[in-house]
Amino acid sequence: MHCQVILPEWLDSFVEEWPDPLETVEQRMRLAVELSAENVRHGTGGPFGAIVVEDQSNHLVGVGVNLVTTLELSIAHAEIVALSLAQSAISNWNLGAKVDVQLVTSCEPCAMCFGAVPWSGVTGLVWGARKEDAETAGFDEGDKPGNWVQTLENRGIQTQRDILREEAAAVLARYARKEGAIYHPGKNDL
């Protein structure tokens with residue numbers, strides 16, 4: 001028995017059409033937010049998108065969208081998918097082993113994804129929407145320490161928040177208005 005991550009059919013062509021390199025944090029976030037919006041538009045998962053970018057070359061190393069409902073896999077969050085594909089692409093579990101690598105995500109990491117950040121080896125984390133934006137849409141983001149940003153920075157992981165927050169939060173709000181699946185163990189509509 002095995003688990004296989006199958007990406008949505010639209011993803012490769014969508015990413016291929018995106019300008020490369022991704023030189024600014026806004027360009028990077030725009031891609032993450034647009035991935036979240038496309039995922040909703042195509043009905044292939046939840047309203048979250050993430051990318052991994054090599055800082056020196058500004059090239060995309062990995063991309064992910066939320067696949068929880070598509071794969072029936074609770075850990076298939078956009079960040080986990082992007083980190084996993086990036087690790088596979090460079091054949092190393094430690095993304096920061098040779099170069100600085102940034103994880104850019106359309107929403108502040110949930111408790112699970114926060115835990116994955118330092119273990120992945122990324123040297124930077126950037127997010128758009130905040131935890132409260134996701135929770136307003138109905139998602140349970142879990143518990144993180146109150147000083148979670150500082151704990152990452154203490155490990156040498158640079159952080160930037162609220163990049164294109166309004167656009168990222170708008171995708172969450174649209175998803176909730178369209179009554180997209182809000183998945184967590186406390187919900188009865190699973």
Any side-chain donor near an acceptor of the partner, Ser120 and Gln87, under 3.5 Å: no
Considering all heavy atoms, the nearest Ser106-Ala168 contact: O-CB, 3.2 Å
Hydrophobic cluster membership, Val52 vs Leu11, 4.5 Å side-chain cutoff: no
Crowding at CD, Glu26 (>12 non-hydrogen neighbours, <6.0 Å): yes
Smallest separation among heavy atoms of Gln27 and Pro21, with atom names: OE1-O, 4.2 Å
Min side-chain heavy-atom separation Met29-Val25 under 4.5 Å: no
Asn154 atom CG, neighbour heavy-atom count above 12 within 6.0 Å: yes
Within 6.0 Å of CD in Glu9, more than 12 heavy atoms from elsewhere: no
Side-chain touch Leu172/Thr136, heavy atoms, less than 4.5 angstrom: no
Salt bridge (charged side-chain N to carboxylate O under 4.0 Å, His left out) partners for Arg161, two or more places apart: none
Distance in Å, Leu103 CG paired with Glu79 CD, rounded so as to fall on 0.5 Å steps: 6.5 Å
Within one Ile-Leu-Val-Met-Phe-Trp-Tyr cluster: Trp93 and Leu83, side-chain cutoff 4.5 Å: no
Side-chain donor/acceptor of Thr105 to backbone N/O of Ala50, under 3.5 Å: no
Asn39 (side chain) donor-acceptor with Asn66 (main chain) under 3.5 angstrom: yes
4.5 Å side-chain heavy-atom contact, Arg41 and Trp10: no
Side chain to side chain contact (heavy atoms under 4.5 Å, CB included) assessment of Leu95 paired with Ile90: CA-CA 8 Å; Leu95 291 170; Ile90 69 165; 3.6 Å; yes
Closest contact, heavy atoms only, Asp143 versus Ala111: O-CB, 3.4 Å
Pro109 versus Phe114, closest heavy-atom pair with distance: CB-N, 3.7 Å
Atom CD of Gln150: over 12 foreign heavy atoms under 6.0 Å: yes
Gap between atom CZ of Arg28 and atom CG of Asn58 - 0.5 Å precision: 5.0 Å
Distance (rounded to the nearest 0.5 Å) between Glu108 CD and Glu135 CD: 8.5 Å
Leu60 CG to Trp18 CH2 distance, which is reported to the nearest 0.5 Å: 11.0 Å
Nearest heavy-atom neighbours spanning Ala137 and Ala176: O-CB, 3.6 Å
Side-chain (Thr123) to main-chain (Ile157) donor-acceptor, under 3.5 angstrom: no
Chi angles and distances behind the side chain to side chain contact (heavy atoms under 4.5 Å, CB included) call for Arg174, Val40: CA-CA 9 Å; Arg174 275 194 309 272; Val40 172; over 6 Å; no
Pair Val171-Phe48, side chain to side chain contact (heavy atoms under 4.5 Å, CB included): steps then yes or no: CA-CA 8 Å; Val171 175; Phe48 303 94; over 6 Å; no
Worked check of side chain to side chain contact (heavy atoms under 4.5 Å, CB included) between Ile51 and Leu22: CA-CA 11 Å; Ile51 63 171; Leu22 298 165; 3.9 Å; yes
Heavy-atom side-chain proximity of Gln102 to Gln160 below 4.5 angstrom: yes
Test item: Ser88 side-chain N/O and Ser84 main-chain N/O as donor-acceptor pair under 3.5 Å: no
Leu71, Leu73, Val68, Leu7 screened by side-chain contact (heavy atoms from CB on, under 4.5 Å) with Val81, the one that passes: Leu7
Side chain to side chain, Val122 and Val117, heavy atoms closer than 4.5 Å: yes
Donor-acceptor contact present, side-chain Lys131 to main-chain Gly142, <3.5 Å: yes
Single-linkage hydrophobic cluster, 4.5 Å side-chain cutoff, Val65 and Met112 together: yes
Minimum side-chain heavy-atom gap Thr70-Pro8 below 4.5 Å: no
Cation over ring face, Arg155 and Trp119, 6.0 Å, 45°: yes
Transitive ILVMFWY side-chain link Leu85 to Val61, under 4.5 Å: no
Phe14 vs Leu31 side-chain heavy atoms within contact, under 4.5 Å: yes
Minimal non-hydrogen separation, Ala129 against Ala169, with atom names: CB-N, 3.9 Å
Single-linkage hydrophobic cluster, 4.5 Å side-chain cutoff, Leu35 and Leu164 together: yes
Student check: side-chain heavy atoms of Ile6 and Leu67 closer than 4.5 Å: no
More than 12 heavy atoms of other groups within 6.0 Å of Arg30 CZ: no
